[in-house]
There are 2 protein chains.
Amino acid sequence: MTSHPAGEPAAEPAGPPPNPRRAEILAAAAELFARRGYHGVSIGDLGRAVGLTGPALYRHFSGKEAVLAEMLLDISERLLAEGARRAADPDPGHALDALLRWHIAFALDNPALITVHERELDTVPAAQRHRVRRLQRAYVEEWVAVLRRLNPGLPDDRTRAAVHAAFGLLNSTPRSAAGLDRAAMSALLHTMARAALQSAT
Amino acid sequence: MTSHPAGEPAAEPAGPPPNPRRAEILAAAAELFARRGYHGVSIGDLGRAVGLTGPALYRHFSGKEAVLAEMLLDISERLLAEGARRAADPDPGHALDALLRWHIAFALDNPALITVHERELDTVPAAQRHRVRRLQRAYVEEWVAVLRRLNPGLPDDRTRAAVHAAFGLLNSTPRSAAGLDRAAMSALLHTMARAALQSAT
DNA sequence: CGACGTTGTTAACGATCGTTAACCGGAAGG
DNA sequence: CCTTCCGGTTAACGATCGTTAACAACGTCG
């Protein structure tokens with residue numbers, strides 16, 4: 001209750017004032033990219049989704065690839081920053097539960113972002129693709145480090161594979177959208193992911 | 001040893017003789033669609049991948065969408081047919097293990113097919129999309145039925161959500177490709193998925 | 001009031017897309 | 001030997017793509 005996953009950033013110490021149009025475009029683009037894929041969405045579609053014509057988009061982004069790049073960088077940074085905070089809990093069991101709670105809440109709140117994040121990495125321009133990959137790897141390593149504390153002596157590559165598999169489980173919900181309500185789905189995912197990870201160690 | 005997941009069909013009782021060019025194109029298309037997405041692959045790319053020019057493709061398929069549609073129908077039918085065979089085991093515990101073995105083997109043998117199968121359903125023309133969806137649902141129901149036999153009295157929507165989550169876990173491997181060899185990865189996925197499903201029931 | 005930066009528009013560009021047309025070499029069959 | 005079909009080619013089509021240019025409405029500030 002002291003913090004919640006999708007909270008408002010309130011104000012960053014440095015950086016330009018957050019342009020609401022940019023955020024609006026990014027949100028609409030996430031939805032469209034998730035549904036039809038990056039190449040299945042045109043600049044015209046993107047503009048229309050926020051009530052503008054296509055070329056208006058160039059007032060806010062340098063191009064279509066820049067929209068995707070900023071989107072993926074933002075997601076990766078948020079996952080890593082919040083993940084690192086949760087993983088810092090001195091009790092590795094609590095850290096793992098906190099990681100699970102955070103990741104599940106993020107996935108349930110932002111299904112489109114999760115989908116694009118794991119599908120369109122190769123589409124992003126090389127320059128920023130490396131940064132995104134580095135952030136993704138670092139996020140995985142937060143999980144691996146917690147699991148290593150829970151069970152030292154396990155080979156790291158096996159632990160890494162288990163973490164990737166757990167992410168697959170957690171990130172699949174955007175596309176299933178079963179008849180369960182949010183609380184039930186959250187609890188189910190938590191239970192299943194924890195059981196899967198424990199069985200692998 | 002009486003059967004293996006990726007076995008040759010040998011000969012179907014009815015239907016045209018299997019054109020090797022069609023199969024070659026479908027295999028190349030699966031790889032490309034998985035890597036760059038349906039809209040990120042052009043007819044020229046498709047032809048080039050099998051040593052032809054773009055328009056040559058129209059000697060074997062009525063168009064680009066037909067390639068995708070046939071690909072998804074074929075996958076869905078194979079999954080359902082083989083899944084139903086495994087699920088028929090009178091012992092539900094054995095049936096679940098057989099389903100897990102089959103699905104894991106298929107995913108490890110055909111990572112591109114698994115990827116396209118779960119990503120591009122909305123891209124397929126409506127006519128055949130409904131058939132694919134029906135087959136996919138039937139495959140899920142095979143799993144749900146086995147789990148119901150293992151634990152009667154559980155609400156079906158929860159079981160269905162658990163199955164979807166388990167598929168997310170199993171299908172994530174194509175995109176992780178960790179440092180484990182095939183046998184180790186197969187065993188790890190089996191263990192994790194079974195633990196996840198058991199924890200949900 | 002006038003200059004200006006901001007944010008939108010429509011029009012137009014070159015490139016690329018999926019698809020069709022027209023043609024061509026070679027194998028098979030009478 | 002001639003015909004026919006099969007599976008390829010190159011050329012060309014209209015549509016659509018991402019992007020840029022040129023222009024307009026509007027608030028702000030000197």
Side-chain angles (χ1 to χ4, degrees), chain A residues 15-72 116 119-129, chain B residues 15-72 116 119-129:
Chain A
N19 187 327
R21 230 343 127 52
R22 282 178 72 92
E24 194 185 0
I25 292 171
L26 283 167
E31 223 64 49
L32 288 171
F33 289 168
R35 181 146 47 237
R36 310 213 290 260
Y38 174 80
H39 289 112
V41 179
S42 73
I43 294 273
D45 295 331
L46 242 37
R48 199 172 309 115
V50 296
L52 300 176
T53 60
L57 200 136
Y58 289 83
R59 299 295 172 194
H60 306 280
F61 294 92
S62 68
K64 194 184 167 189
E65 284 189 328
V67 177
L68 180 68
E70 174 156 332
M71 195 164 90
L72 263 67
V116 177
R119 282 191 189 172
E120 305 285 3
L121 176 60
D122 289 350
T123 314
V124 110
Q128 298 156 64
R129 181 168 60 238
Chain B
N19 187 328
R21 234 331 126 59
R22 280 178 73 90
E24 194 185 0
I25 292 171
L26 283 167
E31 222 64 49
L32 288 172
F33 289 167
R35 180 145 49 236
R36 310 213 289 261
Y38 175 82
H39 289 112
V41 179
S42 73
I43 293 275
D45 295 331
L46 242 35
R48 199 173 308 117
V50 296
L52 301 177
T53 60
L57 201 135
Y58 289 82
R59 300 293 172 195
H60 306 279
F61 294 92
S62 68
K64 194 185 168 189
E65 284 189 329
V67 177
L68 179 69
E70 174 155 335
M71 194 163 90
L72 262 68
V116 177
R119 283 190 189 173
E120 306 283 4
L121 176 60
D122 290 349
T123 315
V124 105
Q128 299 157 63
R129 181 170 58 237

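Convention: sequence-line order gives letters A, B, ...; per-chain numbering from 1.
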Whole-Å distance between [N] [atom2] and [X] [atom1]?
| X | N | atom1 | atom2 | value |
| --- | --- | --- | --- | --- |
| B:E65 | C:dC17 | CD | P | 16 Å |
| B:F33 | C:dG18 | CZ | C1' | 12 Å |
| B:I25 | D:dG7 | CD1 | C1' | 11 Å |
| A:R22 | C:dT6 | CZ | P | 14 Å |
| B:L46 | C:dC17 | CG | P | 12 Å |
| B:I43 | C:dA15 | CD1 | P | 22 Å |
| B:L68 | C:dG18 | CG | P | 13 Å |
| B:L57 | D:dC6 | CG | P | 18 Å |

[X] near the nucleic acid: base, sugar-phosphate alone, or nothing, with a heavy-atom cut-off under 4.0 Å?
| X | answer |
| --- | --- |
| A:V67 | nothing |
| A:G63 | sugar-phosphate |
| A:S42 | sugar-phosphate |

Taking all atoms of both residues into account, what is the closest heavy-atom pair of [X] and [Y], and its distance?
| X | Y | value |
| --- | --- | --- |
| B:V50 | B:A28 | CG1-CB, 3.8 Å |
| A:E120 | A:Y38 | OE2-N, 2.9 Å |
| A:T123 | A:L68 | CB-CD2, 3.7 Å |

Given D:dG18, is OP1 or OP2 found less than 4.0 Å from the side-chain N or O atoms of A:H39? no
Among the nucleotides [options], which one has an atom lying closest to any side-chain atom of [X]?
| X | options | answer |
| --- | --- | --- |
| A:H60 | C:dT7, C:dT19, D:dT19 | C:dT7 |
| B:T53 | C:dT7, D:dT9, C:dA11 | D:dT9 |
| A:P55 | D:dT19, C:dT19, D:dG7 | D:dT19 |
| A:K64 | D:dT19, C:dT9, D:dG7 | D:dT19 |

Determine whether a donor-acceptor pair (N or O, by modelled atom type, separation under 3.5 Å) exists between the side chain of B:R36 and the backbone of B:V41. no
Can you name the one residue among B:R129, B:M71, B:E65, B:E70 that meets side chain to side chain contact (heavy atoms under 4.5 Å, CB included) with B:V124? B:R129
